[in-house]
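Working notes, structure below.
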Amino acid sequence: MNNMELFNWLSDIEKIYETLINEAKEESIAEIQSLIDKEKKDVETVLRKKQESVDLVLKGFSKEVKGYLENFEKKDNDEIKTIKATYQNNKNRLIEISLEKLGYDF
């Protein structure tokens, strides 16, 4: 074997080595990308489930607040009706008391 053949042989080995390294790199990149895609899907799933839970809690809280507001409005309206009725029932007496305090006696 002469020197020229040895260099050709080494050159072929170098090309094979480069090819193997490039193939391994491409496989690693593909595997890493696959893992990234899987993790991304897992994170999206977890976030979606958490958002659904938050939405459910907010919906329940909204119903509860709405119920409190409706109850408050009903009580408020009942109180206003009571005050109006009391005023109407005592209107003449209130006018008399007001006129007496102002010093008008009729």
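As the structure is a computational prediction, the values presented were derived from the model and not from experiment.
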**Q.** Backbone N/O of Ala85 and side chain of Asn89: donor-acceptor pair under 3.5 Å
**A.** yes

Q.
Between Ser28 (side chain only) and Ala24 (backbone N and O only), is there a donor and an acceptor less than 3.5 Å apart?
A. yes

Q. Under a 4.5 Å side-chain heavy-atom rule over Ile, Leu, Val, Met, Phe, Trp and Tyr, are Leu10 and Tyr17 clustered together?
A. no

Q: Report, as yes or no, whether the 6.0 Å neighbourhood of atom CD on Glu31 holds more than 12 heavy atoms from other residues, nucleotides or ligands.
A: no

Q. Say you draw a straight line from CD of Glu79 to CZ of Phe72; how long is it, rounded to the nearest 0.5 Å?
A. 10.0 Å

Q | Side chain Ser98, main chain Leu94, donor-acceptor under 3.5 Å | A | yes

Q. What distance separates Asp37 CG from Gln33 CD, expressed to the nearest 0.5 Å?
A. 4.5 Å

Q: Report, as yes or no, whether the 6.0 Å neighbourhood of atom CD on Glu52 holds more than 12 heavy atoms from other residues, nucleotides or ligands.
A: yes

**Q.** Atom pair NZ (Lys91) and CD1 (Ile95), whose distance is rounded to the nearest 0.5 Å
**A.** 6.0 Å

Q.
Please say yes or no: joined through hydrophobic side-chain contacts below 4.5 Å, possibly via intermediate residues, are Phe61 and Leu69 part of one cluster?
A. yes

Q: Indicate whether the side chain of Asn77 and that of Glu73 have a donor and an acceptor atom separated by less than 3.5 Å.
A: no

**Q.** Contact check, side chains of Arg48 and Gln51, non-hydrogen atoms, under 4.5 Å
**A.** no

(Q) So if I apply the side chain to side chain contact (heavy atoms under 4.5 Å, CB included) rule between Asp42 and each of Glu44, Lys40, Glu39, which one comes out positive? (A) Glu39

Q: Working to the nearest 0.5 Å, report the span between CG of Leu20 and NZ of Lys15.
A: 14.5 Å

Q) Quick one: does Thr45's side chain have a donor or acceptor within less than 3.5 Å of a partner on Lys41's backbone? A) yes

Q) In Å, rounded to the nearest 0.5 Å, how long is the span from CG of Asp76 to NZ of Lys74? A) 11.5 Å

**Q.** Side-chain donor or acceptor of Asn90 paired with backbone N/O of Thr86 under 3.5 Å
**A.** yes

